[in-house]
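Each chain gets a letter, A, B and so on, in the order the sequences are listed, and its residues count up from 1. Keep in mind the model is a prediction, meaning the values are calculated, not measured. Below, all heavy atoms of this structure are taken into account, side chains as well, without hydrogens, waters or symmetry copies.
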Protein chains: 4
Amino acid sequence: MKKVELNKKKKQDALLNTAYQLFTEKGFQKTSISDIVNEAGVAKGTFYLYFKDKLDIRYKLIAKKSAEVFKHAYQELQKQSIDHFEDQLIFIVDQVIGALNANPTLLKLISKHLSWGMFKNSLVEPIDDAQRNIYDIYMDLLKNSGHEFDHPEVMIYMIIEMVAGSCYNVILTGEPVSVDELKPYLYQSIRLIIQNHIL
Amino acid sequence: MKKVELNKKKKQDALLNTAYQLFTEKGFQKTSISDIVNEAGVAKGTFYLYFKDKLDIRYKLIAKKSAEVFKHAYQELQKQSIDHFEDQLIFIVDQVIGALNANPTLLKLISKHLSWGMFKNSLVEPIDDAQRNIYDIYMDLLKNSGHEFDHPEVMIYMIIEMVAGSCYNVILTGEPVSVDELKPYLYQSIRLIIQNHIL
Amino acid sequence: MKKVELNKKKKQDALLNTAYQLFTEKGFQKTSISDIVNEAGVAKGTFYLYFKDKLDIRYKLIAKKSAEVFKHAYQELQKQSIDHFEDQLIFIVDQVIGALNANPTLLKLISKHLSWGMFKNSLVEPIDDAQRNIYDIYMDLLKNSGHEFDHPEVMIYMIIEMVAGSCYNVILTGEPVSVDELKPYLYQSIRLIIQNHIL
Amino acid sequence: MKKVELNKKKKQDALLNTAYQLFTEKGFQKTSISDIVNEAGVAKGTFYLYFKDKLDIRYKLIAKKSAEVFKHAYQELQKQSIDHFEDQLIFIVDQVIGALNANPTLLKLISKHLSWGMFKNSLVEPIDDAQRNIYDIYMDLLKNSGHEFDHPEVMIYMIIEMVAGSCYNVILTGEPVSVDELKPYLYQSIRLIIQNHIL
DNA sequence: CATGAATGAGCATTCATTCAT
DNA sequence: GATGAATGAATGCTCATTCAT
């Protein structure tokens with residue numbers, strides 16, 4: 001990468017990081033472009049060199065942060081020696097819940113915006129070639145599970161929605177139970193759903 | 001109810017109906033208070049006689065519309081003679097999915113805002129005394145099921161989140177499968193979760 | 001007129017007057033809405049209660065000012081006892097040129113924006129019922145002229161364009177001749193055009 | 001001309017042509033320098049190597065396009081054998097009106113900006129030495145007319161303004177009459193004005 | 001109870017111009 | 001000569017809310 005390109009990447013990162021900080025601090029609506037560029041130390045116009053508009057930076061931010069969480073969970077998985085597919089998936093879910101529980105502002109940000117489409121698109125076009133696509137990782141886990149699955153897409157979809165939906169309130173409000181109280185039932189439900197899809 | 005009170009109710013209803021129409025047509029953000037009062041034919045100030053602010057009318061609107069959907073599902077249930085608790089719950093879920101599938105704009109509106117808290121509060125303070133509280137209805141179904149349940153709140157919570165989350169994308173985008181393709185897996189998952197909670 | 005309505009009229013007038021002052025001082029482009037409302041002593045939003053946007057106030061302003069000039073010229077005509085139609089028309093033209101020559105900033109403002117459509121629409125919906133419509137005045141002069149004219153609309157149209165176009169540069173730049181040098185030729189040309197249209 | 005200079009000329013022409021296309025498509029205000037350079041395929045900075053600013057390119061563009069129209073009209077005149085000065089002038093006017101009528105976007109562009117000054121300056125410093133200055137052409141027609149004229153500058157000035165003003169609305173809006181309906185009266189008016197200036 | 005004129009803080013976005021490379 | 005990343009001033013417009021009538 002040339003010097004100029006490196007500089008560009010650096011500026012975009014500065015904007016993304018600043019935006020993350022402000023969005024989680026003050027909320028998306030209450031954060032203005034001015035806030036972001038002032039904090040990031042660039043000119044207003046520079047923002048529009050890197051992002052189409054305010055929604056664009058939120059989208060890119062969520063994609064980036066979500067990918068980080070998933071990637072980290074997968075890296076942790078690889079440090080373990082977990083054989084069964086169910087255990088692997090639950091391990092990843094547990095890692096992700098742990099990360100979000102430790103960082104509720106991140107949860108709030110990605111919360112209602114982490115759509116199926118983003119997951120399918122690997123949460124972001126792979127910035128780094130070496131990095132694996134999240135969806136591909138899931139497909140690999142499936143393949144190596146030694147099982148055949150009925151509609152694996154539907155299976156993962158339902159699990160994601162159940163986990164995401166359940167955890168949102170629980171982490172942010174503690175209602176209707178605490179995260180730790182929820183987990184055993186949630187993980188058991190995941191196991192049941194998986195087993196139900198094994199052919 | 002006195003004549004004056006009836007008149008007040010009428011105006012509030014006019015505002016709620018207009019807001020519903022505009023929110024679903026143009027979206028919440030893009031709908032201004034001015035739009036609502038112009039369409040409803042009342043003065044700007046009158047709005048603030050009935051609603052605290054813009055968020056207040058959305059909250060009341062979602063509560064009202066959600067209650068309507070649930071109440072209707074329950075009424076349909078009573079017309080049937082379904083014995084088992086699982087079948088009853090799935091019947092209600094099916095009715096609700098049917099209603100939302102037939103009215104995606106309603107789904108969009110309540111979508112991400114139908115929180116556990118609203119459900120717990122019966123989706124709205126009972127406007128009509130005769131009407132039963134939705135949460136109470138659920139508790140009654142439980143009681144009459146002939147079973148004892150482990151953490152029934154957690155059970156219904158997970159089911160709601162799974163159903164709500166799964167159906168949102170599926171109805172609005174058809175991704176990753178169609179509603180009809182999803183249903184058998186979704187309902188089977190509900191059964192498994194319920195059975196897992198039977199003591 | 002009620003007190004409230006009077007107040008509204010007053011505010012609109014204040015805005016129009018301020019806008020006139022600023023548009024002629026600094027030009028249309030260089031004058032911002034902020035400039036206008038600050039000077040007029042009203043809030044930004046108030047501007048948009050009375051005018052659709054920046055173009056709207058310019059249109060209304062030109063209409064108002066043009067009407068004033070024409071009305072004044074007609075009033076002066078009535079003080080004279082001029083019999084012939086040609087002399088009447090030239091008297092009005094002379095009055096208008098005099099007014100614009102004395103107020104070149106007004107000329108600049110209305111200059112390129114005084115379209116045929118505005119003239120046809122009497123330069124503005126008659127604010128005052130008592131006031132005669134400019135186009136109607138012209139038609140009356142025609143009727144009382146004792147002549148029949150071939151295409152009187154085309155006749156007045158060509159005269160207006162010739163006069164307006166010729167005077168713009170002459171008044172503002174003195175090129176290619178002075179106003180006083182132009183007048184005899186211009187008025188003679190008007191006479192020729194009129195005679196050419198008498199049947 | 002050297003190769004380097006040819007290259008410069010080429011780039012300037014590319015910018016002028018692109019600007020013409022965009023100005024007529026989107027309007028002057030709505031066209032940005034960025035639009036022009038992107039479309040022309042040169043860098044932003046390059047624009048400022050050839051034009052002082054945005055107004056400069058418009059001025060040069062109008063001058064160029066107007067000259068083209070006039071030059072073409074004069075070339076057509078030379079193909080005819082028209083003796084009388086009046087007929088020659090009206091032929092040219094007719095040619096120009098024809099050209100503008102066939103290309104209203106060009107009319108819109110030069111419309112309100114074709115000042116007397118530009119005409120006097122031959123609509124642009126002669127790009128090509130061989131090409132005759134428009135004002136000179138007019139003076140030649142006058143000289144060869146066999147007449148003496150009183151204030152020929154005033155005469156041509158009034159005619160230009162009458163023609164330009166009259167045709168603008170008529171071509172663009174069809175108001176108050178069509179071009180074809182206007183022409184006989186317009187041309188007759190031109191004849192009268194000319195005759196009035198013959199000594 | 002109802003009105004609706006007035007408010008004014010707030011914000012996204014554009015774009016001509018420069019200058020280091 | 002050519003580039004294009006960076007600038008940052010400038011501005012039109014919205015809209016929830018209030019309060020005098």
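Between E:dA2 and B:K11, a contact under 4.0 Å exists linking OP1 or OP2 to a side-chain N or O. For F:dC15, the OP1/OP2 oxygens have no side-chain nitrogen or oxygen of B:K54 closer than 4.0 Å.
Across the protein-nucleic acid pair, A:F51 atom CZ and E:dT14 atom P stand 16 Å apart, rounded to whole Å. In this entry the distance linking CG of C:N7 with P of F:dA20 reads 15 Å, nearest Å. For the pair C:N38 CG and F:dG12 P, the computed distance is 12 Å after rounding to whole Å. In this structure, the CD1 atom of A:I33 is 5 Å from the P atom of E:dA12, given to the nearest Å. The distance from atom CD of D:Q29 to atom P of F:dT11 is 13 Å, rounded to the nearest whole Å. In this structure, C:F28 places its CZ atom 11 Å from C1' of F:dG12, rounding to the nearest Å. The CG-P distance, from B:D53 to F:dT17, rounds to 5 Å in whole Å. Rounded to a whole Å, the CG atom of B:L15 is 10 Å from the P atom of E:dA2.
A heavy-atom distance below 4.5 Å is not found between the side chains of A:L61 and A:F28. Proximity of D:I33 to D:D53: side-chain heavy atoms (C-beta onward) are nowhere separated by under 4.5 Å. D:L109 has its side chain within reach of D:Y20: a pair of non-hydrogen atoms, C-beta onward, lies under 4.5 Å apart.
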Is there a side-chain contact (heavy atoms from CB on, under 4.5 Å) between D:L16 and D:F51 once you walk through the steps?
-> CA-CA 10 Å; D:L16 279 170; D:F51 304 99; 3.9 Å; yes
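Using a distance-only test at 3.5 Å, with no hydrogens or angles considered, no donor-acceptor pair links the side chain of B:K108 to the main chain of B:N103. A donor-acceptor distance shorter than 3.5 angstrom exists from the side chain of B:K54 to the backbone of B:T31, with no hydrogens or angles considered. Side chain of A:N17 to main chain of A:D13: a donor-acceptor pair is present (N/O by atom type, distance under 3.5 Å, no hydrogens or angles).
For the contact set between residues 41-50 of chain A and DNA chain E, defined by any heavy atom under 4.0 Å, the members are A:K44, A:G45, A:Y48.
Across the C1' atoms, F:dT21 and E:dC1 are found 13 Å apart, a figure rounded to whole Å.
Contact check on C:K26 versus C:D35 returns a salt bridge, with a Lys/Arg side-chain nitrogen under 4.0 Å from an Asp/Glu carboxylate oxygen.
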Tabulate below the donor-acceptor pairs under 3.5 Å that side-chain atoms of residues 37-49 of chain B make, not counting sequence neighbours, or state none.
residue : atom : partner : partner atom : Å
B:N38   : ND2  : B:S34   : O            : 3.2
B:K44   : NZ   : B:S34   : OG           : 3.1
B:T46   : OG1  : B:A43   : O            : 3.4

Watson-Crick and G-U pairing of DNA chain F written in dot-bracket, each distance under 3.5 angstrom, with | for inter-strand partners = .||||||||||||||||||||
